[in-house]
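Comments concern the structure below.
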Number of protein chains: 2
Amino acid sequence: MLNITRKVEYALIALRHMQSKNNTDLTSAKEIATKYGIPQQLLAKTLQQMARDGIIKAVQGPAGGYKIAANLKSISLKDFFEKLEGPLGMMDCYFDSECLQITNCNIRIPIQRINDNMRSMFSKMTLQEITQ
Amino acid sequence: MLNITRKVEYALIALRHMQSKNNTDLTSAKEIATKYGIPQQLLAKTLQQMARDGIIKAVQGPAGGYKIAANLKSISLKDFFEKLEGPLGMMDCYFDSECLQITNCNIRIPIQRINDNMRSMFSKMTLQEITQ
DNA sequence: TTATATACGATAAATTTTGTCGTATATAAT
DNA sequence: ATTATATACGACAAAATTTATCGTATATAA
């Protein structure tokens with residue numbers, strides 16, 4: 001329970017890989033996919049998403065690839081997770097309230113407390129800490 | 001991402017419901033299922049599991065049901081989650097290491113740090129806090 | 001012009017989660 | 001004793017989510 005998704009996992013692996021290189025160098029999806037045994041197309045999509053989000057910069061064409069664009073210190077894990085996977089919470093009712101049991105539900109408030117704790121924890125950790 | 005499962009959700013609702021009653025009273029699966037709109041059989045199984053774990057006590061026969069058996073203050077959320085759903089971690093490699101990428105993986109250590117933070121957080125919260 | 005890279009919507013496969021079925025056992029009430 | 005109602009639990013099925021692939025388009029260095 002409480003697993004991160006492969007998408008996030010692949011994204012972290014990619015960031016860490018890029019960070020270990022000189023930041024003038026570009027890294028292709030293929031390079032990472034091969035080295036870490038990750039499905040290339042899936043990784044590519046994740047990289048594209050991070051590029052759209054401004055976390056990395058994409059360069060097209062042969063000899064193209066990606067490199068880190070943002071200051072990883074300035075991106076919290078919470079923001080990172082939410083960029084890639086949407087709202088971060090233990091129950092969906094934390095965000096949208098289409099739960100039918102909502103009038104009867106007796107754990108909304110307590111669950112919100114846990115949620116806040118968890119989000120706070122991930123707000124305090126930055127991408128830099130993960131990838132260094 | 002990072003959602004709890006329905007099983008855990010149902011278990012928490014049930015515990016909170018029982019806690020709101022006199023602890024000599026028994027509560028049937030049907031009563032809870034009806035009140036909160038939960039599939040009865042699924043809830044029943046969850047209650048049975050909690051009974052096996054000693055969190056609640058089961059009484060069979062007509063007019064039977066369940067009541068809280070353990071001191072909820074003494075059960076951490078981490079232990080509770082793990083009783084119901086098994087190991088609690090952001091990546092499975094934290095526990096079993098059949099990951100093929102394990103030799104190349106570059107985020108094991110950082111992920112373990114997050115894991116430890118998360119587990120520590122849930123270790124500090126007790127069932128009592130949720131259900132009161 | 002070719003080869004190789006990113007871009008991305010659509011679809012398929014796999015896995016996990018959620019829910020149901022069927023049957024057995026316990027026990028209070030009649 | 002019989003009946004009704006509760007828990008117990010393995011096996012199975014449905015649904016939802018996650019993970020992966022396909023097909024096609026675009027960019028650009030060689």
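Within every chain, numbering begins at 1; the chains are lettered A, B, ... in the order of the sequence lines, protein sequences first and strands thereafter.
- Distance B:M90 CE to D:dT18 P: 14 Å, rounded to the nearest Å.
- Out of C:dT20, C:dC8, D:dT21, the shortest distance to the side chain of A:Q48 is found at C:dC8.
- There is no side-chain donor-acceptor pair under 3.5 Å between A:K67 and A:T27.
- Of all non-hydrogen atoms in A:I56 and A:L47, the two that sit nearest each other are CD1-O, 3.4 Å.
- Heavy atoms only, all atoms of each residue included: B:L84 and B:A11 are closest at CD1-CB, 3.7 Å.
- Out of D:dC9, C:dA7, C:dT18, the shortest distance to the side chain of A:A58 is found at C:dA7.
- For C:dA7, one of the phosphate oxygens OP1 or OP2 lies less than 4.0 angstrom from a side-chain nitrogen or oxygen of A:Y66.
- When distances run from any side-chain atom of A:S28 to the nucleotides C:dA5, D:dT21, C:dT25, the shortest one goes to C:dA5.
- Across all strands shown, B:A29 has heavy atoms under 4.0 Å from sugar-phosphate atoms exclusively, and none from any base.
- Between C:dT27, C:dT20, C:dT6, one nucleotide has an atom nearer to the side chain of B:Q60 than all others, and that is C:dT27.
- For D:dT19, neither phosphate oxygen OP1 nor OP2 lies less than 4.0 angstrom from any side-chain nitrogen or oxygen of A:Y10.
- A:E85 places no side-chain N or O within 3.5 Å of a backbone atom of A:E82 that could act as its donor or acceptor partner.
- Figure legend. D:dA27 is base-paired to C:dT4; pairs are counted as Watson-Crick or G-U wobble with both atom distances under 3.5 Å.
- Between the P atom of C:dA5 and the CD atom of A:Q40 lies a distance of 8 Å, rounded to the nearest Å.
- For B:K7 and C:dG19, a side-chain-to-base donor-acceptor distance below 3.5 Å is absent, hydrogens and geometry of angles not being considered.
- Side-chain to base pairing of B:K45 with D:dG10: one donor and one acceptor N or O lie within less than 3.5 Å of each other.
- Judged by closest nucleotide on DNA chain C, A:P62 is the one of B:A63 and A:P62 placed further toward the 5' end.
- Between B:M1 atom CE and D:dT19 atom C1' there is a gap of 15 Å when expressed in whole angstrom units.
- If you measure from atom CG of B:D53 to atom P of D:dT7, you get 17 Å, rounded to the nearest angstrom.
- The closest side-chain heavy-atom distance from A:M1 to B:T5 is below 4.5 Å.
- Atoms CD (A:Q41) and P (C:dA10) sit 16 Å apart, rounded to a whole Å.
- Remark: C1' of C:dT11 and CG of A:L42 are 14 Å apart, rounded to the nearest angstrom.
- With rounding to whole Å, B:E85 atom CD is found 11 Å from C:dT18 atom C1'.
- Between A:R6 and C:dT15 there is no side-chain polar atom (N or O) within less than 4.0 angstrom of OP1 or OP2.
- Atom NZ in A:K67 sits roughly 15 Å away from atom P in C:dT6 (whole-Å rounding).
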